[in-house]
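Lettering follows sequence order; numbering is per chain, from 1. The analysis underlying the following values was restricted to heavy atoms, covering all of them including side chains, and did not include hydrogens, waters or symmetry mates.
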Amino acid sequence: MAEKDYIQQRLDKIKKIRESGIEPYAYKYSRSHTSNKIQETFSRLQGEEQSDVSVGVVGRLAAYRAHGKTIFIQLQDETGRVQVYFRADELGPERFELVKQLDVGDFLGAKGSVFRTRTGELTIRAADFALLAKAIRPMPEKWHGLKDVELRYRQRYLDILSNEHSRNIFMVRSRVVKEIRNYLDNLGFMEVETPMMQPLPGGAAARPFMTHHNALNRDLYLRVAPELYLKRLLVGGFEKIFEMNRSFRNEGISTMHNPEFTMLEIYQAYVDGNAMMELMEKLVLYLVKTMHGGQTLSYQGQDLDLKVPWHRLGYTDAIKEQTGIDIWQQTPERLVAICQEHGLEPPAKAGRVELVELLFESLVEPKLIQPTFIIDFPLELSPLAKQKAGAPDFADRFEPYLAGHEIANGFSELNDPLEQRRRFELQMQKRAQGDEEAQMLDEDFIRALEYGMPPAGGLGIGIDRLVMLLTDSASIREVILFPQLRQAANVRNEPDNPEKE
RNA sequence: GGGUGCUUAGCUCAGCUGGUAGAGCAGCUGACUCUUAAUCAGCGGGCCACAGGUUCGAUCCCUGUAGCACCCA
């Protein structure tokens, strides 16, 4: 049946219901038990036994089974489903007629005693009920749910109401975020909020979104990272801080990238990157234990063992393991040849470090299945990290990899203002040469460093990717409630008139 | 950015070598006072993503566009 006919049928029902003196969009209903509470509280009921108390439940009508003068429905609330039983002889003809006007998708409240049916299901025998909200569109298929990936993302409400798996992912996500806050709180970290709208987008190699503030008449950028503001707070004397919130990168969309994503950044004064590595591995192990009860995780058919300490492997050594070559001993021409031998096509103007980076991302990353910290990154790729002691071309920096994906990034924070200025200047040179991801010199940040920043370790964790691991999700879109999509071809409310009030 | 695939009823999906489309769920009508994807009988529902082309004739073949998915850079 055509969509408009469904809606017309429902509208006709609403008219009929209103004519009988009932408002189909109620204000409230008094609930005494959630669905799962019904199961817990009355599990002892046996045989013909019936509860002497009356309970009130609410939810969306999820299943409707009519048998002449009796009707069974299932109400779905956030905790699960509970069955409600309507009898014509107990409700009277008028009330029973209203039950017949109900559709799957409507919100209802019902009151009555609890009993167990012949088939053993705990059921509420409705003494009274109320329509709370009438749905005028048909729900997704009751058995298969909503399968169409595009619809699942565009109309996520349908996905979470009809697919338990999706619903569960977002409940896990919520718990992960909560447990992280808990964990850090217990360690004495303070949560802070720094600007998402920044005059200069700093803290990561990424292209920003730009916006404009009318009253100030100035361009602002959505942050690509909170890093430079959090470090200003270290200057200010806060010693253990974190921020867990959105950052924005104006880049491609993929199974691992959404333009807006959630990042946790943690900074601790007077420690170095090693302390942050330990914090990282212990935090993840804690989450896995809390969520899954063990120290292993199954992700996309791979078993990951999160026991600490995780493997540490040097950046250079990691490439050597995969290629057998010490990359720093090779000429750029030789590096291009090595790339090509592995089926890679380096961009024409790629310099030495870009070639090395390409080799690392293509040949090493996918092999890093079990938890591994890659350490000692090339300094040129790490403009905000402190040099490695005794190895000035390398940074005291690490990235943990799980299942072939980078899930965090951290280092001993560079706190030498002169060295930081030099690094920014190198970035600006790259920028002048056309590298749009190179970082911009932030004078205000340098000035803060000039007042003195304590030595500190910093760590940034991609929360979306972490949730992917913990929920065995193959795409970042599965763990973001409303992922960014292209404009649908057939949407009706196109925002060509955003001024409507 | 490149390649491959998908798009058919509100939803889940069939549709052969080109001959104007099917099922289940959902819906409507009727039967049914303990059902569990209730059952039984009947009925309705389609811009076959969109725009062109080839053809006597296109859901099907070709080209383009859009969205989505996967792979590659």
Within the supplied structure, the quantity of interest is the number of heavy atoms (other residues, nucleotides, ligands) at a distance under 6.0 Å from A/E361 CD; does it exceed 12?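 For A/E361, atom CD is crowded (more than 12 foreign heavy atoms under 6.0 Å).
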
Could you check A/L344 against A/V104 and say which one's nearest nucleotide on RNA chain B is further toward the 5' end?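 The residue closer to the strand's 5' end, by nearest nucleotide, is A/V104.
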
Toward the 5' end of RNA chain B, by each residue's nearest nucleotide, A/R125 or A/G145: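 It is A/G145, whose closest nucleotide lies nearer the 5' terminus.
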
Integer angstrom distance from the C1' of B/rA14 to that of B/rU59: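 My reading of the C1' atoms in B/rA14 and B/rU59 gives 13 Å.
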
Ignoring hydrogens and angles, does a donor from either the side chain of A/T70 or the base of B/rU35 sit under 3.5 Å from an acceptor on the other?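 No, no donor-acceptor pair under 3.5 Å.
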
What about A/E121, does its side chain sit under 3.5 Å from the base of B/rU35 through a donor-acceptor pair?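 In this structure, the two groups form no donor-acceptor pair.
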
Using the side-chain heavy atoms of A/D148, tell me which of these nucleotides is nearest: B/rU12, B/rC68, B/rC11.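 Of the options given, the side chain of A/D148 lies nearest B/rU12.
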
Look at the side chain of A/R477 and decide which nucleotide, out of B/rA69, B/rC34, B/rU35, has an atom nearest to it.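 Given the options B/rA69, B/rC34, B/rU35, the side chain of A/R477 is closest to B/rA69.
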
Can you see if the side chain of A/R65 gets near the phosphate of B/rU35 - specifically, an N or O under 4.0 Å from OP1 or OP2?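 Checking A/R65 against B/rU35: no side-chain N or O falls below 4.0 Å of OP1 or OP2.
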
Taking the side chain as every heavy atom from C-beta outward, state whether A/V58 and A/L75 have any atom pair closer than 4.5 Å.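 The answer is no, as the side chains (C-beta and beyond) never meet within the 4.5 Å cut-off.
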
Less than 6.0 angstrom separating the ring centers of A/Y315 and A/F394, yes or no?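 So the answer is no for these two rings.
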
For B/rC43, the Watson-Crick or wobble counterpart (both distances under 3.5 Å):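 The base-pairing partner of B/rC43, which may sit in any strand shown, is B/rG27.
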
